[in-house]
Structure formats: C-alpha cells, structure tokens
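Working notes, beginning with the structure itself.
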Number of protein chains: 2
Amino acid sequence: MASDSQRPKTPSTPRAAQPTAAAATPRKQLMENEVLEHATRLFAERGFSGTSLQDIATSMGLKRPALYYYFKSKDELLDRLIVEGVNGPAHELAAIAKRSDLGPAERLHAITRQNVKWVLTHTDLFLLLVKSESELSPASAKKFNAGRRDAADMVAAVIEEGVAAGELRPVNTRVAALSVFGISNWTAWWFQPGGDSIDSVADQVADMALASLQQSDLAERQAMSPRRAIAALRQDLDRLEQTLGQDRSS
Amino acid sequence: MASDSQRPKTPSTPRAAQPTAAAATPRKQLMENEVLEHATRLFAERGFSGTSLQDIATSMGLKRPALYYYFKSKDELLDRLIVEGVNGPAHELAAIAKRSDLGPAERLHAITRQNVKWVLTHTDLFLLLVKSESELSPASAKKFNAGRRDAADMVAAVIEEGVAAGELRPVNTRVAALSVFGISNWTAWWFQPGGDSIDSVADQVADMALASLQQSDLAERQAMSPRRAIAALRQDLDRLEQTLGQDRSS
DNA sequence: CCTACCGATCGGTAGG
DNA sequence: CCTACCGATCGGTAGG
C-alpha cells in the first residue's frame, strides 16, 4: 500500500480517541460538511437551478469533478440538505407542544419563539427549502410535505386546546396555525444581523403571534360567570383606587 | 408601404372604437400578454433559472425562437413581470393608508385585508418575485427593494399612529410592520382554492394581524383616567346584571 | 413565426 | 482530488 503524505497517520492503537464509528473517516466527513455548507449558502442565494456545481467548487477552491468524490450527483446533494432541514426543527417543536407544565397559550408562545430562533439560526437552509421545493426528488418532496403538515397539525392542536380552555379566541385552527408560521417564517426575509438580536426578534414575534389569538378581556368578560364578574369588578375598583391615590385632590 | 395580411385592417376612420393608442396593435399585444402569463406561472413553479424558454414555448405550442418576436431576451421577460409585481399592489395600499375616515387600527386591518387579497389573486406573480429576487437585473432589483421598503414604511407609519392614539400596543414599528407582511404573504404558500374563500381568509388574517398589535383592554384600563375607569365599571355592572338576568335564581 | 445554426455551459464519467 | 472528455441543453441569432 502506498503511503499518503497528505494524510497524517492515525495512532496504531485503533481505540485511541475514537468513541464513535463516525470518527473513523474524519477527513472525508469534514470535507463533506464543508461542501454542504457552501452548497446551502449558494442554493439559498441563487436557487438550486441557478447554482452550478462549478459555482460550489469554485467557492471552495476545488475543481468541479472533485465534488463527485463526496456526492453521487447534484440531486443527492440537495436531498441531503432537505433531510437536515425537515428533521432539524421538528423534535424541538414537538417537545414544547407536549410540555404539561405550560398552558396552551404559553406553549403557543414558546413554539413561536423557538420557530423564529430556528429560522434565524438556519436562514440559508430555510430559504433553500422554500425556494427549491419544486426541484426536490419525489422521495424528498414527500418527506418535506409530511414534515410541514405535521408541524402545522401540531400547532393547530395546541391552538385548539387553547380555544377549549378559553385562553384563545375561537378561530379556524388551520388558518391560525399557518398564520403563526407565516409571521415566524417571514423573519428570514427581513432579519438584519446588525439590528435587534435574534432573541429579541423572537420575543417580539412570539408576543404578536400569541396576542393575535389571545382571548380579549372584553370577550372573556362577556362570557363570564357571576362569581368571576364580581372578581373582575373588584379588580377594576382596585385599579380606580390606585389611580385616584396618585392624585388625591380629584 | 407593404400591406400586412396577418393584421386585420382597421376602419379608415381612425376615431372608430379606438379610445387609446394601446389598441393600435391588438394582435401582438394579446400574444405578449399570453407569453407573460405562461412565463409567470412557470417561473413561479420552477424558478427563473429552472425554467427554459423552451418550457415556455412548448407550453404555448410554439417553437422557442418565436418568443424573440415578442421579447429581446429572457431577462427582459423577467423584468417586465417584476415591474408589474412591484407597481400592482402599491397604489391600493397607499390609498388605504391615507383614508381619513378610518382610525389607524381600522386602516391597519384594511391594509392587511387588501394585501392578502392581492397575494391570493396574484399568487404566481408574488411567488415569482420572492423566488427570483436574486436573479433580477440591477435596475429591477433596485425598483423591487424600493417598493418593498416603501410598503413597509407605510405600514410602520400607520402602526406608529395607532400607538400614539392608544389604539395599538407600544412596539418596535419596523418589526411589527414586517410581521404584518409575514402573516399576509405566507398565505401564498398554504391557500387552497378548494377551502375557505379568498375573502374569508383575508378577513381572518386581517383580524389576527390587528389583534396581534391591538391594545388589550387590561392595559388600556391600567392607564385609564378616573372618569373612564368609572365608565368601565358601569359597563362591567351592566354585563353582570345581564348575566344574572339570564338566571334569576342565583 | 419557422428552420437551422452558434458558442457557452450544464451535469456527469473515465482514468489515473 | 486532477485532466480530459462526453452528450444534452442553454440563451440567442441569421435569414427568411
């Protein structure tokens, strides 16, 4: 076997610092990730069809055929990215939806917040997904659509629960859920790294999403039991007392 | 001058049924629009780079070079569509923003409603704009960005006014305005012609957009004058009376 | 609005 | 990971 001067020799004892099988081919894995990152950025900017493998190779200082050492085809490259984009946010959102320590309104807020944060920390991948949806392989398109549907169903279920609990307004849950995704996802098009932080934007957008569906005090009072109406009156009196307390002459 | 057998002769009296100069070349104009429509649909589906002139020609039953009888280049075709997409909704939105018969909250609702209706009646053109932004000529990109900025500024100004009037919550007006566009624009990705009507969806989304920024009764009461606090108390009493009236035994 | 043609570039492969 | 090459397709033009 000819020695490869480019590749540093690994220690002769195979068990040294290799906890997983994935670490067996570190060099190739590293380059693979490098290709994926460059491809994500370029596909997001110019679209899948608008980006040639030549573009990707040039951006990495490689010749185009070198990419075939890591990927079978341009389509496989895209499919790899799609899987990443579909599976990435799903688990975190599902985990929030299941939390029993939060009411439905609180979960809706947390989900929106998390969704915005994911979009803004994976903007290239997100824009790539949205722009290249029509160019996916049939298998990837199926996964992509299933992931989108599951996410919408999950949010719709939380909203449904919130409506039943009287925390949210009675609405078309499908329209409401998709609108929550709309307000979240659109951040990808306008967020500027120089201005508000990702956390700040996520908070503001989550506040708006929750407020857009929250039961107003007025509507709540209109459907109120006598006992709760009296409690509300007491609150109003407290508030009035406070207001007058600030200006005793009135 | 050689006569053109393809073009039907116009009546010798030039004032007959020709109100505008645009009607002078009806045949070519008609075909031009036909090309634009097919191009819009295909560009929206597969993107600008993902659609060849061959695709467009085939979809119209023409050979590819025939398209050059109507357009100088593929880029000119795109630019023509961009202008349509940028100028289309701008006037209507600006008109609503200026209406003095409506309060700022009402104007925000009307603007959102109109925006959703435009997106859902021009979905192909809208998706084309969003997907092909990076492939625009420098001149078109400039117009496109200016149009987007103007629209956001206009909505931000209405929101600012609503905050000053106490109708809307104090928020970052830029984030709020862009979020209103987010909830509106995203309808392009999920609206299904079979379900709720465009008007119904536009109403629901506008309700959510307004609610997302509307001053809650609670916050309003907290900043209330004694006179208004007493009025609110009276309303609460009315409501309590009504509730008890439905069940005199309690 | 067509046929015939152009150079450039595309994704992908052979062979090392 | 490179050089050299493949057929296919791209946008655009000549000439009618």
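This structure is a prediction, so every number in the text was calculated from the model and none was measured. The chains referred to below are lettered A, B, ... by the order of the sequence lines, with proteins before strands, and numbering in each begins at 1.
With distances taken from any side-chain atom of A:Pro65 to the nucleotides D:dC1, D:dT3, C:dC1, the minimum falls on D:dT3.
Using a 4.5 Å heavy-atom cutoff, the side chains of A:Leu77 and A:Ile56 are in contact.
For the segment residues 32-41 of chain B, the set of residues with a heavy atom within less than 4.0 Å of an atom of DNA chain D is empty.
Residue pairs meeting the salt bridge (charged side-chain N to carboxylate O under 4.0 Å, His left out) criterion with at least one partner in residues 30-41 of chain A, sequence neighbours excluded, are A:Glu32-A:Arg80. Among residue pairs with one or both ends in residues 50-76 of chain A, those qualifying as salt bridge (charged side-chain N to carboxylate O under 4.0 Å, His left out) are A:Arg46-A:Asp55; sequence neighbours excluded. Counting only residues at least two apart or in different chains, salt bridge (charged side-chain N to carboxylate O under 4.0 Å, His left out) contacts with residues 177-203 of chain A comprise A:Arg113-A:Asp199, A:Arg113-A:Asp203, A:Lys117-A:Asp199. Sorted pairs that involve residues 124-145 of chain B and meet salt bridge (charged side-chain N to carboxylate O under 4.0 Å, His left out), not counting sequence neighbours, are lacking altogether.
B:Asp207 meets the side-chain hydrogen bond (donor to acceptor under 3.5 Å, both in side chains) test with B:His109; sequence neighbours excluded. B:Arg148 pairs by the salt bridge (Lys or Arg N to Asp or Glu O under 4.0 Å) definition with nothing, not counting sequence neighbours. Under the rule for a side-chain hydrogen bond (donor to acceptor under 3.5 Å, both in side chains), B:Ser73 has no partner lying at least two apart in sequence or in another chain. Taking A:Phe48 as the reference, A:Phe43 meet the ring-ring contact (aromatic ring centres under 6.0 Å, His included) condition, with sequence neighbours excluded. Annotation: ring-ring contact (aromatic ring centres under 6.0 Å, His included) contacts of B:Trp118 (sequence neighbours excluded): B:His122.
Distances shorter than 4.0 Å separate none of the side-chain N or O atoms of B:Tyr69 from OP1 or OP2 on C:dC2.
Computed from coordinates, the B:Leu30 CG to C:dC1 C1' distance equals 16 Å when rounded to whole Å. Straight-line distance from the NZ atom of B:Lys63 to the P atom of C:dC5: 16 Å, rounded to whole Å.
Among the heavy atoms of the strands lying under 4.0 Å from A:Met31 are primed sugar atoms or P, OP1, OP2 only; no base atom is included. Within the nucleic acid shown, A:Tyr70 comes within 4.0 Å of sugar-phosphate atoms alone, with no base atom in reach, counting heavy atoms only.
Note: A:Ser140 OG to A:Leu78 CG = 6.5 Å, rounded to the nearest 0.5 Å.
With pairs defined as Watson-Crick or G-U wobble and both atom distances under 3.5 Å, the stems of at least three pairs that touch DNA chain D come out as C:1-16 with D:1-16.
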What are the atom names and distances for every N/O pair under 3.5 Å that joins the protein to nucleotides 8-11 of chain C?
unit_1, atom_1, unit_2, atom_2, d
C:dC10, OP1, A:Ser52, OG, 3.3
C:dG11, OP1, A:Lys74, NZ, 3.0
C:dG11, OP2, A:Leu53, N, 3.1
C:dG11, N7, A:Arg64, NH1, 3.2

